[in-house]
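One structure below.
Every number for a ligand or one of its atoms is a count from 1 in the order of the listing. In what follows, every heavy atom counts, from backbone to side chain, and hydrogens, waters and symmetry copies are set aside.
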Amino acid sequence: MQKSSTYILAIESSCDDTSCAILRDNFVLSNITASQKIHEHYGGVIPELASRDHQKNIVPVLTEALKAANIKLQELSAIAVTIGPGLMGSLLVGISFAKSLAMSLKIPLIEVNHMQGHILAHFIKDSDTQMLPEFPFLCLTVSGGHTQLVKMTDYLCFELLGETIDDAVGEAFDKAAKILGLPYPGGPLIDKYAQVGDNSKYKFSHSHVPGYDYSFSGIKTSFLYFIQNNIQKNPNFIEENLADICASYQSHLINVLLKNVKSLIKESEIKQLAIAGGVSANSELRKQIKKLEAELTIKTFIPKFEYCTDNAAMIGITGYYKYLKNEFGSLKSVPITRMEI
Ligand code: KG4
Ligand code: ZN
């Protein structure tokens with residue numbers, strides 16, 4: 001007898017994107033995201049405005065996701081929701097909504113760790129011929145709030161080998177962009193300007209951290225002083241050198257990221273490397289990771305653009321693997337703003 005399909009509704013609301021996805025087993029049927037433009041003016045996410053926007057967006061986003069997947073609520077097998085890490089008010093909207101819907105439909109609720117979701121996005125199937133990572137593999141997860149090096153030994157087995165001791169690399173992109181007068185989130189804009197810049201024109205400081213951990217706060221401060229000093233000499237310094245500044249700074253951040261990755265691969269002898277999280281959308285990082293295939297004789301896995309930045313499909317795929325293992329939450333599930341992977 002053929003096994004019946006599992007239909008999972010996934011909800012992601014940990015920061016400033018309201019997203020709903022419907023998965024049939026490990027295939028995505030729909031993945032709809034409402035990004036909140038309001039934070040652009042403030043140079044960063046304003047938590048209170050984010051949770052209010054989630055409240056406004058969640059019903060229309062769910063309606064659109066159901067319609068695009070051509071699925072009725074009654075057909076769902078379970079609801080997966082981001083439980084953390086993230087902003088308290090933002091998480092609360094998604095979790096309260098998911099709990100009430102699961103209760104009214106009498107189906108299980110699945111708690112998903114957002115950072116696990118970023119990594120497991122690699123297991124979303126788009127075709128039957130697609131290459132998926134095999135265990136064990138390493139994942140460099142780079143987002144607005146986290147920078148982690150994780151060893152994966154199974155779908156739900158995550159071993160943290162290194163992480164940032166202060167700011168995330170996404171923050172180092174966004175804060176530098178703010179200093180340059182660019183709107184939030186600045187990472188994609190630095191990427192864009194860097195494409196026509198000289199990446200060897202300027203040098204920035206390096207923080208030495210033991211093991212496989214990272215530190216980006218000193219780099220960010222050195223960037224601030226570098227800009228201030230140059231503006232004193234030439235008030236038009238940013239306008240006249242924007243592309244070169246972006247290219248040099250971006251290249252520095254990527255070199256810092258890759259240094260630990262390379263030594264870890266050499267020391268661990270793991271032959272597969274994936275990247276995940278919002279910063280994995282960066283075009284230069286994607287290029288540099290691909291180059292490692294020849295340099296280190298490894299296989300690399302780079303997520304599709306739509307699964308790099310926050311999205312509910314990655315929450316859905318993680319929910320699917322938890323569903324298979326009967327790992328369910330309950331009406332007692334609450335947000336966990338700081339959460340280990
Ligand atoms: O994973 P994500 O959507 O949200 C968090 O979980 O934090 O990551 C957002 C981060 C932001 O810092 C944003 O600037 C960065 O990802 N980002 C990029 C690019 N696209 C998004 N950074 C550099 N280059 C990009 N193309
Ligand atoms: Zn994220």
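For Gln195, the side-chain contact (heavy atoms from CB on, under 4.5 Å) test picks out Asp191, Ser283, with sequence neighbours left out. Every ring-ring contact (aromatic ring centres under 6.0 Å, His included) that Tyr155 has, sequence neighbours left out, goes to Phe123, Phe135, Tyr321. The ring-ring contact (aromatic ring centres under 6.0 Å, His included) check on Phe301 picks up nothing, with sequence neighbours excluded.
At a 3.5 angstrom cut-off on N or O pairs, Gly144 counts as close to ligand 1. Residue-to-ligand polar distances place Asp310 within reach of ligand 1: an N/O pair is separated by less than 3.5 Å. Taking any N or O of Pro185, backbone or side chain, none lies under 3.5 Å from an N or O belonging to ligand 1. Considering backbone and side-chain atoms together, Gly277 places no N or O closer than 3.5 Å to any N or O of ligand 1.
Those atoms of ligand 1 with a heavy atom of His118 less than 4.0 angstrom away are 1 (O), 6 (O). Annotation for ligand 1: atoms under 4.0 Å from non-hydrogen atoms of Gly278 are 1 (O), 2 (P), 8 (O), 16 (O), 17 (N), 18 (C), 19 (C), 20 (N), 21 (C). Residue-ligand proximity, Thr309 to ligand 1, at heavy-atom distances under 4.0 Å covers atoms 3 (O), 21 (C). Atoms of ligand 1 found under 4.0 Å from any heavy atom of Gly170 (numbered from 1 in listed order, with element): 12 (O). Taking a cut-off of under 4.0 Å to the non-hydrogen atoms of Ala281, the atoms of ligand 1 that pass are 20 (N), 26 (N). Atom numbering of ligand 1 starts at 1 in the shown order; those under 4.0 Å from a heavy atom of Val279 are 15 (C), 16 (O), 18 (C), 22 (N). The Ser143 neighbourhood of ligand 1 comprises atoms 1 (O), 5 (C), 6 (O), 7 (O), 8 (O), with distances under 4.0 Å to a heavy atom of that residue. Counting atoms of ligand 1 from 1 in the listed order, those under 4.0 Å from a heavy atom of Gly145 are 7 (O).
A salt bridge between Glu295 and Lys262 is present, with a side-chain N of the basic residue lying under 4.0 Å from a carboxylate O of the acidic one. The existence of a salt bridge linking Lys304 and Asp126 is confirmed by a sub-4.0 Å separation between a basic side-chain nitrogen and an acidic carboxylate oxygen. Taking a cutoff of 4.0 Å between a charged side-chain nitrogen and a carboxylate oxygen, Lys67 and Glu64 do not qualify as a salt bridge.
When each of Asn57, Thr33, Asp310, Thr82 is tested with Ser19 by the rule side chain to side chain donor-acceptor pair (under 3.5 Å), just one qualifies, namely Thr33.
Looking only at atom types and distance, the side chain of Asn199 has no donor-acceptor partner in the side chain of His252 under 3.5 Å away. Side-chain contact annotation: Glu111 with Ser333, donor-acceptor N/O pair under 3.5 Å present. A donor-acceptor pair shorter than 3.5 Å can be found between the side chains of Thr18 and His54. Side-chain polar atoms of Gln250 and Asn282 form a donor-acceptor pair below 3.5 angstrom. Ser217 and Asp167 share no donor-acceptor pair across their side chains, judged by distance under 3.5 Å alone.
Asn282 ND2, 3.0 Å is the protein heavy atom nearest to atom 24 (N) of ligand 1. Atom 22 (N) of ligand 1 has its closest protein heavy atom at Gly187 CA, 3.5 Å.
Using a 4.0 Å cut-off between heavy atoms, His114 contacts ligand 1 through its side chain alone, with no backbone atom that close.
Panel note: side chain Glu240, backbone Leu242; no donor-acceptor pair is recorded below 3.5 Å.
The closest heavy-atom contact to atom 11 (C) of ligand 1, among the options Asp174, Leu285, Asp191, comes from Asp174.
Protein contacts to the Zn ion (ligand 2) involving N, O or S atoms at a distance below 2.8 Å are His114 NE2, His118 NE2, Asp310 OD1.
Aromatic pair Phe204/Phe226: ring centres closer than 6.0 Å.
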